[in-house]
Amino acid sequence: MELMSGNEAIAQGAWEAGARIGTAYPGTPSTETMEAFARKDGVYAEWCVNEKVAVEVAVGASAAGARVLSTMKHVGVNVAADPLFTAAYTGVGGGLVILAADDPGMYSSQNEQDSHWYARAAHIPMLEPADSAEALRFAREAYELSERFDVPVLVRSTVRVSHTKTPVEPGERVEAPLAPYESDPTKWVMMPAFAKPRRKAQLERVDALRAWAEECPYNEVVRRGDDVGVVCAGAAFQHVAEALPEASVFKLGCTWPLPAKALRAFAASVKRLYVVEEASEYLLESVRALGVEVFSTPCPLPRDGELSPGAVRAAFGFEEPAHAPAPNDVPARPPALCAGCPHRLVFKELSRMKAVVTGDIGCYTLGALPPLSAMDTTVDMGASVSMSHGFELAWAGTEHRPVVGVIGDSTFAHSGLSALMSTVYNKGGGTVCVLDNRTTAMTGRQGNPFNGETLQGRPSRELDLEGVVRALGVEDVRTVDPNDAKAVRRALKEAVANPELSVLVFRSPCVLIDRRRLPAYAVTDACTACGVCPTLGCPAIAKEEDGRALIDPAQCIGCGQCAQYCAFGAIVRPEEEKGGSHE
């Protein structure tokens, strides 16, 4: 018996089933799944540039006969939807399992999204574990299901299942031989003449899956009484079991297709049936569509965010369990860019020049928060480049603030390249800043094409970011040290003055991969309490009661960014204070 997170358990289950190839783009809460899979013996795993490519590689490997695991977070399913929907027509060769890790509560995402709807829309079976033991079992057995019904299988988790560790019993690996490949354009070439028969095959498969769902071993009825019955799935089951110990529960392990007959029978066995789910009405609408009467809870369930046992009890009219009050003297800890982050001075200068900044997904989204307050929009991966072009189009011929798109190196590879290509093609102007910190930082410092680091440490090729941009037709491409305030200011000023498109590559490694620490800076008596240095938003900088600056030596990494903004020379290293020269 071992403790595993749901992510680790899914990787273990795929490995035990003989999956030999893994593809993914990192995204919380899914990231650790592929990292865990990559450490297994006898497997190949890679970070792809985006989720669409990851699923396409997976479909190709499946067509060649291999069992494959592809993982992504919920918004990644949006990116992968194109191949996913068509793979539901082609079917598989070797078993293909795709993890969709949802994030109710938006702990690390730009939206709440329920991936159930993708399973329903694409007619792909979806398994939904409620703990790590089920995550391992469902992932392992999903491959047989995939090959039996000739269809990809979605496994849905949520952040609570993905990251919570519960006991599992790991097993041995079963080596799955490659399924034989035979050229068959009628199965794999989805032109209309061949897609039409595959659509009919898909409908026959749906009928077979609905019949299988009635006997599905992953659905379980927990019988406790006949007054109240609850239909739920995944992490919601854990909350219901704790909050309503006397209620009977129909726990769905397969959430598409639903077992219509079994659900009707369960509803008939209780006086009042309820549906409990997180931030969605997928199950509620689906159960009611079966002709089953579903009662509303006395108080509404939360329409957003994660559930909790207390929230479930409150919805059913019970008092929430008592909790010790949170202490009121704990200081706030708002999110902030790390001390020494190479993005900081770029945002400081963008704020100084009052630019409209179209942002992107990554650590640099924190540039939107005070005191930097230097980002106006963030929508999705790659949108910074596209939206900056949109701003320029809308404001063409008018006097307006500078418009600057800001994107990271990994996100630029994910979908920024295509956005930039479109801007170049349409002769757009403006400024794009690529913040190249040599990693995919926010999800845990994974590799990407522009740092050349692969998931399993294989020999690779580091792509020339500036060369790629120039190859697209951008003439004004410059590489800038983001830790040099004057260089950052000068580059931005020149770029926004250029009527043509400019791309600035601010390259410096993330402080979490380059952990060198220089002696900490200190504040001398020359400080005038002008208040400039705290506007950098560095967590190492605070204020004394009299307004003078204070630097925490435990957090300061000696980057010297703050010293560049002190007009009075009051921020120095200790050796400088003792007589050394100021850099």
* **Pairing residues for Phe237 by the ring-ring contact (aromatic ring centres under 6.0 Å, His included) criterion, not counting sequence neighbours** =>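 ring-ring contact (aromatic ring centres under 6.0 Å, His included) list for Phe237, sorted by chain: empty.
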* Partners passing ring-ring contact (aromatic ring centres under 6.0 Å, His included) against Trp256 (at least two apart in sequence or in another chain) -> His123
Would you compute the distance between atom [atom1] of [X] and atom [atom2] of [Y] and round it to the nearest 0.5 angstrom?
| X | Y | atom1 | atom2 | result |
| --- | --- | --- | --- | --- |
| Met72 | Ile98 | CE | CD1 | 6.0 Å |
| Thr439 | Asp514 | OG1 | CG | 12.0 Å |
| Ser62 | Tyr181 | OG | OH | 11.5 Å |
| Glu8 | Ile10 | CD | CD1 | 10.5 Å |
| Ser422 | Leu472 | OG | CG | 11.0 Å |
| Ser269 | Phe250 | OG | CZ | 10.0 Å |

Looking at every non-hydrogen atom in both residues, tell me the closest pair between [X] and [Y] and how far apart they are.
| X | Y | answer |
| --- | --- | --- |
| Asn78 | Gln113 | OD1-NE2, 2.8 Å |
| Ala54 | Thr23 | O-OG1, 2.8 Å |
| Asn219 | Ala213 | ND2-O, 3.6 Å |
| Met4 | Pro170 | CE-CB, 4.3 Å |
| Trp15 | Arg173 | O-NH1, 2.7 Å |
| Pro167 | Met1 | CB-SD, 3.6 Å |

Mark yes or no for whether [X], through its side chain, and [Y], through its backbone, hold a donor-acceptor pair below 3.5 Å.
| X | Y | result |
| --- | --- | --- |
| Asp226 | Val270 | no |
| Thr297 | Phe316 | no |
| Arg458 | Glu453 | no |
| Gln456 | Ala45 | yes |
| Arg67 | Ala17 | yes |
| Arg198 | Thr90 | yes |

* Asked: Between Arg140 and Glu16, is there a salt bridge with N-O shorter than 4.0 Å?
  ->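 Answer for the salt bridge query: yes.
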* **Glu134 with Lys251: basic N within carboxylate O range, under 4.0 Å** =>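 Looking at Lys251 together with Glu134, the answer is yes, because their closest N to O distance falls below 4.0 Å.
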* Starting from the C-alpha separation in whole Å, work towards a yes-or-no answer on side-chain contact (heavy atoms from CB on, under 4.5 Å) for Phe266 and Leu273. => CA-CA 9 Å; Phe266 178 73; Leu273 183 75; 3.5 Å; yes
Donor-acceptor side-chain pairing of [X] and [Y] below 3.5 angstrom:
| X | Y | answer |
| --- | --- | --- |
| Arg205 | Gln202 | no |
| Tyr218 | Arg137 | no |
| Ser109 | Lys73 | yes |
| Glu128 | His116 | yes |

* List the steps, then state whether side-chain contact (heavy atoms from CB on, under 4.5 Å) holds for His163 with Asn7. => CA-CA 7 Å; His163 290 164; Asn7 283 343; 3.7 Å; yes
* Pick from Asn50, Asn437, Asp436, Thr440: which one makes a side-chain hydrogen bond (donor to acceptor under 3.5 Å, both in side chains) with Ser410? ->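 Testing each of Asn50, Asn437, Asp436, Thr440 against Ser410, the sole residue satisfying side-chain hydrogen bond (donor to acceptor under 3.5 Å, both in side chains) is Thr440.
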* Structure fact -> So side chain to side chain donor-acceptor pair (under 3.5 Å) across residues 182-195, not counting sequence neighbours, yields Asp150-Lys187, Asp184-Thr186
* To do: Evaluate salt bridge (charged side-chain N to carboxylate O under 4.0 Å, His left out) for Glu466 paired with Arg507, printing each intermediate quantity in order.
  => CA-CA 11 Å; Glu466 291 89 341; Arg507 179 171 292 121; 2.7 Å; yes
* To do: Test Asp409 against Asn451 for side-chain hydrogen bond (donor to acceptor under 3.5 Å, both in side chains), laying out the working first.
  => CA-CA 9 Å; Asp409 49 321; Asn451 69 17; 5.1 Å; no
* Give the C-alpha distance, both sets of side-chain angles, the deciding distance and a yes or no for side-chain hydrogen bond (donor to acceptor under 3.5 Å, both in side chains) between Ser132 and Lys165. => CA-CA 7 Å; Ser132 298; Lys165 292 194 173 187; over 6 Å; no
* To do: State yes or no: are the ring centers of Tyr282 and Trp117 separated by less than 6.0 Å?
  =>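 Yes, the ring of Tyr282 comes within the 6.0 Å limit of the ring of Trp117, centre to centre.
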What salt bridge (charged side-chain N to carboxylate O under 4.0 Å, His left out) pairs are there with at least one residue in [range], not counting sequence neighbours?
| range | answer |
| --- | --- |
| residues 80-104 | Asp102-Arg156 |
| residues 39-53 | Lys52-Glu56 |
| residues 274-293 | none |

* **Criterion side-chain contact (heavy atoms from CB on, under 4.5 Å) against Gln110, the qualifying member of Thr378, Thr365, Val75** =>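 The single option meeting the side-chain contact (heavy atoms from CB on, under 4.5 Å) with Gln110 is Val75.
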* To do: Take the angle between the ring planes of His343 and Tyr364 and call it parallel below 30°, perpendicular above 60°, tilted in between.
  =>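 Correct class here is perpendicular.
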* To do: Begin with the C-alpha distance, continue with both residues' side-chain angles, and end with the deciding distance and a verdict on side-chain hydrogen bond (donor to acceptor under 3.5 Å, both in side chains) for Asn111 and His74.
  => CA-CA 9 Å; Asn111 68 19; His74 61 293; 3.1 Å; yes
* To do: Test Asp131 against Thr164 for side-chain contact (heavy atoms from CB on, under 4.5 Å), laying out the working first.
  => CA-CA 8 Å; Asp131 57 25; Thr164 298; over 6 Å; no
* To do: Carefully, step by step, assess Ser30 and Tyr25 under the rule side-chain contact (heavy atoms from CB on, under 4.5 Å).
  => CA-CA 9 Å; Ser30 72; Tyr25 181 82; over 6 Å; no
* **Derivation and outcome, side-chain hydrogen bond (donor to acceptor under 3.5 Å, both in side chains), residues Thr443 and Gln446** => CA-CA 7 Å; Thr443 52; Gln446 291 78 26; 2.5 Å; yes
